[in-house]
Amino acid sequence: MKIVSIIGARPQFIKAAVVSKEIQKRNGIEDVLIHTGQHYDVNMSKIFFDELEIPHPNYNLEVGSGLHGAQTAAMLEKTEQILLTEKPDWAIVYGDTNSTIAGALAATKLHIKIAHVEAGLRSFNKLMPEEINRITTDRISDLLLVPSQNAMKLLKKENLAENSIFTGDVMFDSILFYQKMAEEKHSIESITKEHDFYLATVHRAENTDDKERLQNIFSAFSEMDKPVVLPLHPRTKSKLDGIKFNENVKIIDPVSYLEMILLLKNSSKVLTDSGGLQKEAYFMKKPCITMRDETEWIETLNGNWNFVVGANTKLILEKINVNQFDEQKEYYGNGNAGKNIIDALLKY
Ligand code: UD1
């Protein structure tokens with residue numbers, strides 16, 4: 001069996017690493033990686049492959065940034081050419097980025113079976129490009145590999161239950177696997193001098209492209225009782241002109257995945273607009289404040305582990321002070337998602 005994985009953005013490198021590791025354990029499966037080049041800065045891309053000790057992509061399409069239509073179209077055109085040459089049995093796509101929908105579209109037109117890892121998530125906000133990407137990808141995929149029971153229910157409502165298999169979440173596998181490597185390869189002192197801090201990330205278009213929202217978020221960070229360590233996405237960096245904040249905000253360059261695990265481990269709480277980090281905070285038992293208007297990971301809201309607060313300064317400051325939590329449940333499987341995914345493909 002030959003599998004082509006199509007990836008392009010930071011979190012997809014990690015998700016594909018889990019699947020590649022599982023493929024390496026089996027005989028007779030060929031693993032081909034296409035990197036669309038959606039993320040191209042060294043510390044947004046290459047660093048992940050180097051440090052996670054995973055195979056580097058066989059192809060890099062070097063598509064780079066651009067308007068959604070142009071970026072997706074360039075990926076689609078170049079992926080199609082490679083799929084025509086490689087003729088895989090399966091195309092695997094991950095999550096909800098432009099690389100996901102481009103890979104899925106290229107494959108489906110060539111009648112190549114598609115497996116969608118992290119299927120079934122919905123924010124019910126069609127203003128998010130990711131929501132369009134996931135709905136359309138789920139619709140055209142042959143096999144929906146689903147991280148949570150809630151996502152299974154959503155797929156059933158959309159009449160997609162027949163193609164759906166609960167596998168658990170690859171990001172849970174990943175954090176279990178890479179924690180030890182993070183401790184071995186890095187020390188927290190080399191990432192930040194802070195000892196008692198909140199960890200924050202901001203990169204969503206809905207926050208970075210709206211000056212008022214971005215200012216509200218930075219105002220909240222400036223007023224917090226602990227320093228806020230903020231590894232900064234290049235898009236957010238380019239939008240900081242005119243945004244006011246004080247020395248409580250400790251901006252650092254984007255960090256690698258292993259460095260992120262260490263930051264998480266050493267932080268007291270997390271503030272983010274990322275999807276993945278909300279869940280990683282949950283896995284590491286760190287309370288999370290989500291600076292968006294909705295979340296796809298609704299299980300994390302139970303027991304006060306996550307609060308959806310939008311870009312509301314007052315609410316962000318209010319929820320960061322909540323300190324009562326219920327016991328957590330294992331909503332995202334038991335760390336065997338990679339195995340379940342390959343089993344599902346083989347059984348199909
Ligand atoms: C993308 C995904 C988002 C995911 C995120 C993970 C889509 C629609 N969005 O968002 O769901 O959470 O990846 O990190 O696919 N840039 C650089 N260097 C890079 C990459 C980006 O400077 O290596 C800058 C460019 O100005 C670019 C902007 O960041 O225009 C946004 O990058 P893009 O890949 O379009 O989306 P992300 O915000 O990274």
Side-chain angles (χ1 to χ4, degrees), residues 6-17 34-50 57 60-76 79 93-105 116-119 121-123 125-138 147 170-171 174 200-210 213-214 217 230-241 251 253-257 259-260 270 272-281 288 290-297:
I6 299 133
I7 53 181
R10 276 191 301 195
Q12 292 168 333
F13 309 144
I14 301 156
K15 291 169 194 170
I34 302 179
H35 183 345
T36 62
Q38 178 171 351
H39 286 171
Y40 45 86
D41 287 352
V42 170
N43 59 3
M44 298 282 285
S45 175
K46 186 172 179 294
I47 196 169
F48 288 83
F49 296 94
D50 291 344
N60 190 325
L61 310 183
E62 295 182 350
V63 160
S65 304
L67 290 171
H68 284 262
Q71 186 187 50
T72 311
M75 293 173 186
L76 177 57
T79 305
V93 293
Y94 299 81
D96 55 17
T97 73
N98 291 344
S99 300
T100 314
I101 184 61
L105 266 179
H116 183 203
V117 172
E118 211 179 76
L121 298 186
R122 299 290 180 265
S123 65
N125 174 5
K126 279 203 185 158
L127 294 176
M128 290 175 66
E130 292 83 2
E131 183 74 353
I132 315 280
N133 292 341
R134 25 175 124 92
I135 292 172
T136 42
T137 303
D138 281 345
V170 282
M171 295 303 280
S174 178
T201 71
V202 186
H203 78 278
R204 289 268 168 203
E206 71 218 52
N207 287 330
T208 58
D209 299 359
D210 180 329
R213 286 183 72 104
L214 197 57
I217 289 170
L230 175 68
L232 204 58
H233 187 289
R235 165 200 271 136
T236 318
K237 192 176 181 185
S238 72
K239 302 280 179 168
L240 278 189
D241 248 12
I251 292 181
D253 282 337
V255 291
S256 69
Y257 178 59
E259 289 172 323
M260 197 63 172
V270 174
T272 190
D273 60 5
S274 147
L277 195 60
Q278 290 172 53
K279 239 179 336 153
E280 285 163 339
C288 184
T290 296
M291 299 172 300
R292 286 178 46 199
D293 298 324
E294 65 280 305
T295 179
E296 299 81 11
W297 305 104

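Ligands are counted one by one from 1 in listed order, and the atoms in each one are counted from 1 as well. Counting from 1, the numbers follow the sequence of the chain as shown. These figures come from a predicted structure and were not determined experimentally.
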- With atom 20 (C) of ligand 1 as the reference point, say which of H39, R134, K237 has the nearest heavy atom. H39

- Note on the structure: Looking only at non-hydrogen atoms, the one of H233, H203, H68 nearest atom 12 (O) of ligand 1 is H203

- Item | Pair R204 + E130, salt bridge at N-O below 4.0 Å | yes

- Below 4.0 angstrom, N of the basic side chain to O of the carboxylate: do D293 and R213 qualify? yes

Under 4.0 Å to a heavy atom of [X] - the qualifying atoms of ligand 1, by number:
X: E130; answer: 2 (C), 3 (C), 7 (C), 8 (C), 9 (N), 11 (O)
X: R10; answer: 14 (O)
X: D96; answer: 11 (O)
X: P234; answer: 16 (N), 17 (C), 18 (N), 22 (O)
X: M44; answer: 23 (O)
X: P11; answer: 6 (C), 14 (O)
X: A9; answer: 13 (O)

Where is the nearest protein heavy atom to [atom]: which residue, which atom, and how far?
atom: atom 28 (C) of ligand 1; result: R235 CB, 3.8 Å
atom: atom 8 (C) of ligand 1; result: N98 OD1, 3.5 Å
atom: atom 16 (N) of ligand 1; result: Y40 OH, 3.6 Å
atom: atom 35 (O) of ligand 1; result: Q71 NE2, 4.0 Å
atom: atom 7 (C) of ligand 1; result: Q38 NE2, 3.6 Å
atom: atom 18 (N) of ligand 1; result: D41 OD2, 3.1 Å
atom: atom 26 (O) of ligand 1; result: S65 OG, 4.3 Å

- Will you find, in the side chains of T272 and T201, an N or O donor that is under 3.5 Å from an N or O acceptor? yes

- Item | Aromatic plane relationship, F49 with H35 - under 30° parallel, 30 to 60° tilted, over 60° perpendicular | tilted

- Query: Just by modelled atom types, is the Y94 backbone N or O under 3.5 Å from a matching donor or acceptor in the Q12 side chain?
  - Reply: yes

- Item | Donor-acceptor pair, side chain of R10 and main chain of M44, under 3.5 angstrom | no

- Of all heavy-atom pairs between G37 and N60, which one has the smallest distance, and what is that distance? CA-OD1, 3.7 Å

- About how many Å separate CG of N98 and CD of Q38, when rounded to the nearest 0.5 Å? 5.0 Å

- When rounded to the nearest 0.5 angstrom, what distance separates CG in N133 from CE in M128? 9.5 Å

- Taking it one step at a time, do D273 and I217 satisfy side chain to side chain contact (heavy atoms under 4.5 Å, CB included)? CA-CA 10 Å; D273 60 5; I217 289 170; 5.6 Å; no

